[in-house]
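Down below is the structure, laid out as structure tokens.
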Number of protein chains: 2
Amino acid sequence: MPDKGPSNVQRAVQELRARIFSGDLAAGSDHLESELANLLEMSRTPVREAVLTLEGQGLLELRPRKGVRILPLSPDDMAEIYDVLTELESHAAERAAQLDHDDDDLADLARAIRDMDAAITGNDLDAWADADDRFHTELVRLGGNSRIEAIVAMMSDQVRRARTTTLFMRPLPTKSNEDHRTVYQAIREGDAATARETHRQHRQHAKSILVELLGKHRLRFL
Amino acid sequence: MPDKGPSNVQRAVQELRARIFSGDLAAGSDHLESELANLLEMSRTPVREAVLTLEGQGLLELRPRKGVRILPLSPDDMAEIYDVLTELESHAAERAAQLDHDDDDLADLARAIRDMDAAITGNDLDAWADADDRFHTELVRLGGNSRIEAIVAMMSDQVRRARTTTLFMRPLPTKSNEDHRTVYQAIREGDAATARETHRQHRQHAKSILVELLGKHRLRFL
DNA sequence: GCATTAATTAATGCATGCGCAAATAAATGC
DNA sequence: GCATTTATTTGCGCATGCATTAATTAATGC
């Protein structure tokens with residue numbers, strides 16, 4: 001008996017996501033349902049359902065007769081995404097500070113900060129990116145708003161997709177961890193205003209760095 | 001020949017949305033795919049696809065073997081939603097002010113405000129709700145961030161769903177239009193800080209009113 | 001040779017049916 | 001009578017096939 005594990009739809013969602021992230025399914029490219037179906041070795045039905053889901057997540061677009069198009073991300077798109085992240089994450093930071101979490105709750109956040117330090121010391125880009133993700137995810141979780149979590153996760157996905165390219169265009173942001181520490185401390189001390197504002201500026205800064213970088217390299221899309 | 005209009009999936013999405021909003025499909029109720037299928041007089045396939053879409057919009061939940069559950073909205077959910085709206089709309093207001101729109105661009109906004117005045121004068125709840133929706137939608141549009149538009153639209157949907165109940169629990173918010181005017185003026189004059197802060201407080205106020213109202217009426221969900 | 005129309009091809013939307021697993025009911029052992 | 005096992009039902013996941021319609025190519029008129 002083969003396996004009864006995850007459904008084909010779930011596999012399709014995962015597989016397609018992975019291939020979009022890896023660039024295997026390139027941004028801007030079109031793909032017929034049948035093409036994806038026999039790529040994933042299943043019938044069109046679960047592929048269609050997976051594609052519907054991914055469309056809802058903003059990763060691709062359904063264009064009847066033309067196939068599904070993997071959505072490219074323009075610099076403008078990135079600016080939009082960063083603005084959403086800025087607003088929602090800084091709100092989460094504010095809330096996290098108000099909820100007076102104990103050190104136990106903040107353990108993961110602290111760990112992420114330490115890991116980023118280590119990654120910077122070791123000059124390990126991937127490790128840094130991973131820890132940075134964890135910091136932001138955890139921050140949002142501490143904010144306690146499940147809808148914000150979901151939206152931020154979706155937007156972060158897009159950023160991650162772009163980061164494959166952008167991460168190697170610049171040095172490690174060694175100063176960025178100062179902000180993380182400030183936010184962490186503010187949350188710990190219940191200083192909501194500082195948590196909010198610091199994180200806001202942190203994100204705004206990241207946005208301007210990125211937009212500038214994209215401009216400099218004349219990247220029209222990712 | 002019957003009609004070749006909108007696809008069955010689209011019809012299913014529309015129909016189901018309408019029935020959820022009208023309460024015909026009650027919050028918290030479960031429904032089998034086959035039940036919905038012959039309710040809408042089509043096969044399960046398009047219904048499944050529609051349901052997938054609506055799940056992505058947070059209106060229902062798929063629970064294999066138990067049917068699709070129409071998601072109830074608790075007071076906590078409403079609080080979450082209002083926080084998202086507060087952050088993203090006030091950002092949009094800020095941006096709208098920075099983009100120096102001319103009076104032409106702001107025409108719809110102005111009209112919505114006038115319509116709310118008229119509705120208050122005429123004590124017309126539905127007209128007020130409609131104009132209020134248009135104000136917020138238009139405000140966000142003027143902010144120029146398509147992702148924020150999409151997210152706000154989704155969240156507003158949920159609020160609208162709840163409003164069917166809540167609108168009749170309280171008098172018309174006659175003072176609310178003062179805020180709208182202030183925001184409008186700030187946008188017109190390019191005063192981003194005022195636009196942002198005024199709208200933020202406007203939304204926060206709306207949130208506390210609603211939460212209080214739900215508490216008073218002991219509503220566990222909508 | 002170009003434009004308009006007809007014929008062909010191809011991709012999708014959707015209905016249908018079947019196998020499987022979960023939920024429910026029945027049966028059996030103790 | 002209760003618990004555990006076995007039978008039955010039921011709802012879903014998915015493959016398959018067909019009709020519809022858009023896209024493409026061929027054909028025809030001028």
Side-chain angles (χ1 to χ4, degrees), chain A residues 1-20 24-72 150, chain B residues 1-20 24-72 150:
Chain A
M1 199 173 289
D3 74 310
K4 59 181 175 187
S7 77
N8 276 2
V9 181
Q10 286 173 257
R11 286 206 310 105
V13 170
Q14 291 239 112
E15 273 286 317
L16 291 177
R17 278 178 59 93
R19 283 170 195 265
I20 290 169
D24 190 354
L25 295 176
S29 60
D30 294 323
H31 306 274
L32 298 178
E33 289 180 4
S34 46
E35 177 194 338
L36 298 176
N38 68 343
L39 178 70
L40 302 180
E41 296 175 296
M42 57 183 74
S43 87
R44 280 173 44 224
T45 309
V47 172
R48 275 178 70 89
E49 294 182 4
V51 157
L52 257 296
T53 303
L54 293 173
E55 186 192 30
Q57 302 183 3
L59 289 177
L60 47 81
E61 185 190 16
L62 270 162
R63 312 192 317 171
R65 305 274 154 185
K66 304 274 301 184
V68 298
R69 146 162 298 219
I70 312 302
L71 282 179
Chain B
M1 201 173 287
D3 75 311
K4 59 180 174 189
S7 77
N8 277 2
V9 181
Q10 286 171 258
R11 286 205 311 105
V13 171
Q14 291 240 111
E15 272 285 317
L16 292 177
R17 279 178 58 92
R19 284 171 194 266
I20 290 170
D24 190 353
L25 295 176
S29 60
D30 294 323
H31 306 274
L32 298 179
E33 289 181 4
S34 46
E35 175 194 339
L36 298 176
N38 68 344
L39 178 69
L40 303 181
E41 296 176 296
M42 57 183 75
S43 86
R44 279 172 45 222
T45 310
V47 172
R48 274 177 69 89
E49 294 181 5
V51 157
L52 257 295
T53 303
L54 294 173
E55 186 192 29
Q57 301 182 4
L59 290 177
L60 47 82
E61 185 190 15
L62 270 162
R63 311 193 315 170
R65 303 274 153 185
K66 303 274 301 182
V68 299
R69 146 162 296 218
I70 312 302
L71 282 179

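Letters A, B, ... mirror the listed sequences (proteins, then strands); counts begin at 1.
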* For B:E33, report the nucleic acid contact type (base, sugar-phosphate, nothing); a contact means any heavy atom under 4.0 Å. => sugar-phosphate
Exercise for review: Please examine the side chains of B:L52 and B:L62, heavy atoms only from C-beta on, and report whether any two atoms are closer than 4.5 Å.
Suggested key: yes
Rounded to whole Å, CG of A:N8 lies from P of D:dC12 at a distance of 18 Å
For atom CD of A:Q14, decide whether the heavy atoms of other residues, nucleotides or ligands shown that lie under 6.0 angstrom number more than 12. no
Here the side chain to side chain donor-acceptor pair (under 3.5 Å) pairs for residues 38-47 of chain A, sequence neighbours left out, are A:E33-A:R44
The complete set of salt bridge (Lys or Arg N to Asp or Glu O under 4.0 Å) pairs with one or both residues in residues 53-64 of chain B, sequence neighbours excluded, reads B:D30-B:R63
Across every strand shown, the nucleotide meeting Watson-Crick or G-U wobble geometry with D:dC30 (both distances under 3.5 Å) is C:dG1
note: B:H31, atom NE2; D:dC12, atom C1'; distance rounded to Å ~ 18 Å
Atom CD of A:E49 and atom C1' of D:dA15 are separated, to the nearest Å, by 12 Å
Expected list for residues 55-72 of chain B near DNA chain C, using heavy atoms below 4.0 Å, is B:R65
Under a 4.0 Å heavy-atom cutoff, the residues of residues 34-48 of chain A touching DNA chain D are A:M42, A:S43, A:R44, A:T45, A:P46
Those residues at least two apart in sequence (or on a different chain) that pass side-chain contact (heavy atoms from CB on, under 4.5 Å) with B:L36 are B:L16, B:L25, B:H31, B:L39, B:V47, B:V51, B:V68
Residues passing the side-chain contact (heavy atoms from CB on, under 4.5 Å) test with B:P72, sequence neighbours excluded, are B:A27, B:F221
Rounded to whole Å, the CG-P distance (A:D30 to C:dT12) equals 10 Å
Between the CZ atom in B:R17 and the CD atom in B:Q57, the distance rounded to the nearest 0.5 Å is 5.5 Å
Residues B:I70 and B:A26: closest non-hydrogen pair is CB-O, 3.3 Å
A:L32 CG to D:dA22 P, in whole Å, measures 17 Å
